[in-house]
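Following: one structure in structure tokens, then a few remarks.
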There are 2 protein chains.
Amino acid sequence: MSHTLGVRQAQKQKTRQALLDAALLLLEEQSLSSLGLREVTRAVGVAPTAFYRHFRSTADLGVALVEEALGSLHPMIRTTVSTADDSEERIARAVELISRHVEAYPAHVRFIARERHGGVQPVREAIREQLVRFAREVKDELAKDQQAVGWSEDDLLMLAHLYVDQMLITASLFLEALDAAPEERERVTRLATRQLRLISVGRRHWRD
Amino acid sequence: MSHTLGVRQAQKQKTRQALLDAALLLLEEQSLSSLGLREVTRAVGVAPTAFYRHFRSTADLGVALVEEALGSLHPMIRTTVSTADDSEERIARAVELISRHVEAYPAHVRFIARERHGGVQPVREAIREQLVRFAREVKDELAKDQQAVGWSEDDLLMLAHLYVDQMLITASLFLEALDAAPEERERVTRLATRQLRLISVGRRHWRD
DNA sequence: CCATGCAGTTAACAACTGTTCTCTGGAATT
DNA sequence: AATTCCAGAGAACAGTTGTTAACTGCATGG
């Protein structure tokens, strides 16, 4: 806001972003726990020691990637779930939204799916933390709906987590189908749609 | 069956199992894609080159671990879902069964959760293949139930995948809660129970 | 009993890793 | 205009990795 940051810091952020981008690319066919510091700097074209100017370790870089990746997932999840009442068209729209997001940011989706249960503890925790935040937001969104009158806070949070997990599973399926035949993507769409539908039916008849 | 296998092959299988065990132990705090061949042999106490007598690569060892880990998950999933009609007590029993399994084979559960979306393609495919098999079996089990009269094959398979995924999510939550306070495990139990309950409600009111 | 098979060993290789210390050029500050 | 600061370079380190080749000892089958 105050002023455009100097040439110095601009260049620094530029190489920092280059490191993040290169890492994300390399992580398409390996996990973070095997990603080497030199490997990343080599891909960017800077000296290995330059890495330390930006990150303490590759685990540290991983945590930064969590922020970036879930920063892009955030608006997607909000939009998806805020329109997640039961009507058939809205479920279809939610699935479509997930599909589009996977096409737009495949590397981000892959990273989160892979490192959520991956071998680097700080990264796992960062992801878990963010997903808990998301679930809470989803819960707040669900609470606004008229369907939620008889629901306890705990039950709403339970449903929210179900939605968030289901969303990640669906995104992961779309990811696997990315370079497959279009009919495969159609299959995933229909599967995800019906699973969401079943959850919605359960939600509608919960208070019995 | 035919005859007890010779001293030679017995010893071979013994070190092979030792390699698998050591690998599983090392994989508690890293992913397969960073697991080194020498690391494993060092832990067992054999020469690095001995590794090649049993596995082509660590990826190959990973595929073998999939067989082992899902071999132990197999009966668990069958039992869980075959008793998965709607009654409250049976849901509770299923969750209890998952919890017990995680306590009995934490390393197996961790391995599957971690490598399902991990960085080693052959292992990912092996896991996916096995889970599809499981889902098919679960589908067949569901088809036997009286509730399944109006259901199409596709819808049954859809529900089966939902159950399988939910089971893995729950197992993973129990795993994280393993060395936490007992109250945390109780929280996971109640969460998983209600999520399964919601799916059951959706299942009961599906044909509307 | 002797010859073969084969699980595991030893040694060596080129390549790679993370981390340290020292240095440099140019932007930022005074 | 002079000084400080600091992102990145360069070189070197001890340690690691996967893979090769040639070997040894012992259980096995003829």
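Order of the sequence lines sets the chain letters (A, B, ...), proteins ahead of strands, with each chain counted from 1.
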Kindly check if the number of other-residue, nucleotide or ligand heavy atoms within 6.0 Å of CD (A/Glu96) is above 12?
yes
Check every strand shown and say whether B/Thr15 touches a base, only sugar-phosphate, or nothing at a heavy-atom separation below 4.0 Å.
sugar-phosphate
To the nearest angstrom, how far is B/Phe51 atom CZ from C/dC6 atom P?
20 Å
Starting at atom CZ of A/Arg16, determine the distance to atom C1' of D/dG8, rounded to an integer number of angstrom.
16 Å
Is there, by distance only and without an angle test, a donor paired with an acceptor across the side chain of A/Arg38 and the base of C/dT19 below 3.5 Å?
yes
Rounded to the Å, how far apart are A/Leu37 CG and D/dA9 P?
13 Å
Should the heavy atoms of other residues, nucleotides or ligands under 6.0 Å from CD of A/Glu29 be counted, would the total exceed 12?
no
Would one find more than 12 heavy atoms of other residues, nucleotides or ligands at under 6.0 Å from atom CD of B/Gln11?
yes
If you measure from CD on B/Glu184 to OG1 on B/Thr189, what distance do you get to the nearest 0.5 Å?
10.0 Å
Can you find a donor-acceptor N/O pair under 3.5 angstrom joining the side chain of A/Thr49 to the base of C/dT20?
no
Measuring from A/Gln130:CD to A/His74:NE2, what's the distance to the nearest 0.5 Å?
8.0 Å
Whole-Å gap separating P (C/dT24) and CZ (A/Arg53)
15 Å
Nearest-Å distance for atom pair CG/P, residues B/Leu35 and D/dT16:
16 Å
Length of the line joining B/Gln17:CD and C/dG8:P, which is rounded to integer Å:
13 Å
Represent DNA chain C in dot-bracket notation, 5' to 3'. Only Watson-Crick or G-U wobble pairs with both distances under 3.5 Å count; pseudoknot-style crossings use [ ] and interstrand partners use |.
||||||||||||.||||||||||||||.||
May I ask you to decide if the ring planes of B/Tyr105 and B/His101 are parallel, tilted or perpendicular, using 30° and 60° as cut-offs?
tilted
How would you label the contact of B/Arg56 with the nucleic acid (heavy atoms, under 4.0 Å): base, sugar-phosphate, or nothing?
nothing
From CG of B/Leu61 across to P of D/dG18 the rounded distance in Å is 12 Å
Using 0.5 Å steps for rounding, measure from the CH2 atom of B/Trp206 to the CZ atom of A/Arg194.
7.0 Å
Residue whose nearest DNA chain D nucleotide is more 5′ - B/Ser57 or A/Pro48:
A/Pro48
Does A/Gln13 have more than 12 heavy atoms from other residues, nucleotides or ligands lying within 6.0 Å of its CD?
no
To the nearest 0.5 Å, atom CG of A/Leu196 lies from atom CD1 of A/Ile98 at 6.5 Å
Does anything in residues 7-14 of chain A come within less than 4.0 Å of DNA chain C? Heavy atoms only, and list the residues if so.
A/Val7, A/Arg8
Name the nucleic acid region contacted by A/Tyr52, choosing base, sugar-phosphate or nothing; use a 4.0 angstrom heavy-atom cut-off, strictly under.
base
Is A/Arg42 touching bases, backbone alone, or none of the nucleic acid, heavy atoms closer than 4.0 Å?
sugar-phosphate
Selection from C/dT9, D/dT17, D/dA9 that lies nearest to any side-chain heavy atom of B/Glu39
D/dT17
